[in-house]
Number of protein chains: 2
Amino acid sequence: MNLTTAEENYLKAIYHLSDGGKKSVSTNDIAAEMKTKPASVSDMLRKLGDKEVIEYRKYYGVNITEEGKKRALQTIRKHRLWEVFLVDKLNFAWDEVHEVAEELEHIQSPLLIQRLDAFLDYPKFDPHGDPIPDEYGDVRARPRIPINEMEIDQSGQIVAVKDSSAAFLRYLDKVGAYIGARIKVLDKVEFDGSLEILVDQKKSIFMSKDVAGNILAIQS
Amino acid sequence: MNLTTAEENYLKAIYHLSDGGKKSVSTNDIAAEMKTKPASVSDMLRKLGDKEVIEYRKYYGVNITEEGKKRALQTIRKHRLWEVFLVDKLNFAWDEVHEVAEELEHIQSPLLIQRLDAFLDYPKFDPHGDPIPDEYGDVRARPRIPINEMEIDQSGQIVAVKDSSAAFLRYLDKVGAYIGARIKVLDKVEFDGSLEILVDQKKSIFMSKDVAGNILAIQS
DNA sequence: TTTATATTTTAGTCATGACTAAAAACGAAA
DNA sequence: TTTCGTTTTTAGTCATGACTAAAATATAAA
């Protein structure tokens, strides 16, 4: 049973909202995520239920089925492979890729994805550091650690922040430590745990242990 | 004014059927090309007329406008760039690319096409030897010549046949001289104009001047 | 010039995926 | 357990792009 583009997008949203199928998800939450109205979501849930990619009991939210999980992971795989292509091959910036990948992920051709995967040399993570599921839907997550836990000389990439207050993001922006930045730990001060970090191979910045503890990175 | 995917496909068909805007095109011909019914075509022509990409007079066929030509050429450009990508980078075979390119051509992102063009090193022709319009819609056609007019040691690629009868195509298939084959002229017999041709760098075949005159190639 | 035939358009229907307004069901508090 | 507010579903509508059947127009033949 094939899914339309709209159905694929709903399924992906349900997958994410359910935390990979672990929780059930409400109609209202899906509507918010998809930027549509709850009434439209109800219609779609009936269709997805008919296609057996979700388990749908009226008034009680939805659970994604095993088949649904597999489908969602395929879409996520395609999305992330295209992101790698856009950044690595076409020199897109880290934050320019999402919308285009959102379109590319719906191209229907298993051969295309197989070849693209090979062409990109079987990447395991996308430019945001998120893992790329393999063709069977298996995912190897890469641990994200606060950068104060990294060793001296260890390189990595900033992928998330714990504290996402405007003030903290403004601070990060100011020192140039944006999400996606490649970093290297130059020095750690034993006394107070503060760090010296090299950002994008050019700019060296200092930060306290507190700040560093709020910045998550993947190691490379 | 944006065009939907369906509208883009109709416009492209009209562009091709009208021989690049030189002739007017009938509803029936469009229906045949698009594999739909004439009634559906009528509906679409009204829409394309409203968007001023065609000039539509009921019962009298359509002419493509300058704006329409520009739009069609943009779509053709995208299609052919993706074909180059699929063949050159992802190792698709010459005859596997059309359907996938048919989907990829509708991705909406001028930046993507600009970057893809650069990544492919600004190709001027697609894998079928068809010219790729530039971003302003300008096209530099490459001459197609009957292979009996090629010189000895000249290489090229078969791109079309004049006689497309089943019998002739069967003959071509039998000797391995399919559309898309890379060829090289090994010898030309002065006496009767017959040729010896190397196909895909491995198979050598003989053909009469008559046969050769019906096979069109681009030189490389 | 009238008629016959082929082409094209209109009218009405269907599926998809959105919407609004109204009804129904749930769940928590009284 | 009844009520009240929130969530969710249903009913009815719209746009897109397809379809069939019927009507309208054009064109070629008599």
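In what follows, every chain begins at residue 1, and chains take the letters A, B, ... in the order their sequences are listed. The shown structure was predicted, so the numbers you read here are calculated from the model rather than taken from an experiment.
Nucleic acid contact for B:Thr36: sugar-phosphate only, since backbone atoms but no base atoms lie under 4.0 Å from a heavy atom of the residue. Nucleic acid contact for B:Ser40: base, since at least one base atom lies under 4.0 Å from a heavy atom of the residue.
B:Phe119 carries B:Lys89 over the face of its six-membered ring, with the cationic atom under 6.0 Å from the centre and within 45° of the normal. A cation-pi geometry, defined here as NZ or CZ lying under 6.0 Å from the six-membered ring centre and within 45° of its normal, holds between B:Arg115 and A:Phe92.
For the pairing with A:Arg77, the salt bridge (charged side-chain N to carboxylate O under 4.0 Å, His left out) check across A:Asp134, A:Asp117, A:Asp126 returns one residue only, A:Asp117. With B:His79 as reference, B:His98 is the one residue of B:His128, B:His98, B:His106 to meet the ring-ring contact (aromatic ring centres under 6.0 Å, His included) rule.
The backbone N or O of A:Tyr122 sits less than 3.5 Å from a side-chain atom of A:Lys124, completing a donor-acceptor pair.
Nearest-nucleotide positions on DNA chain C place B:Ser26 closer to the 5' end than the other of B:Ser26 and A:Lys35.
Remark: C1' of D:dT6 and NZ of A:Lys37 are 16 Å apart, rounded to the nearest angstrom. One interatomic measurement links the two molecules: NZ of B:Lys58 to P of D:dT27, which rounds to 16 Å at whole-angstrom precision.
Contact annotation: A:Asn28 reaches the phosphate of D:dT8 (side-chain N/O to OP1 or OP2, under 4.0 Å). At least one side-chain nitrogen or oxygen of B:Tyr60 sits closer than 4.0 Å to the OP1 or OP2 atom of D:dA26.
Remark: B:Lys12 engages B:Glu102 in a salt bridge, criterion side-chain N to carboxylate O under 4.0 Å. Classification of B:Arg80 and B:Glu83 as a salt-bridged pair fails, no side-chain N sitting under 4.0 Å from a carboxylate O.
DNA chain D lies under 4.0 Å from no heavy atom of any residue of residues 3-16 of chain A.
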Between A:Arg71 and A:Glu8, does the salt bridge (charged side-chain N to carboxylate O under 4.0 Å, His left out) criterion hold? Intermediate values first, please. CA-CA 8 Å; A:Arg71 301 296 193 97; A:Glu8 276 185 0; over 6 Å; no

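From the 5' end on, the contacts that DNA chain C makes with chain B at under 4.0 Å to a non-hydrogen atom open and close at C:dT7 to C:dT10.
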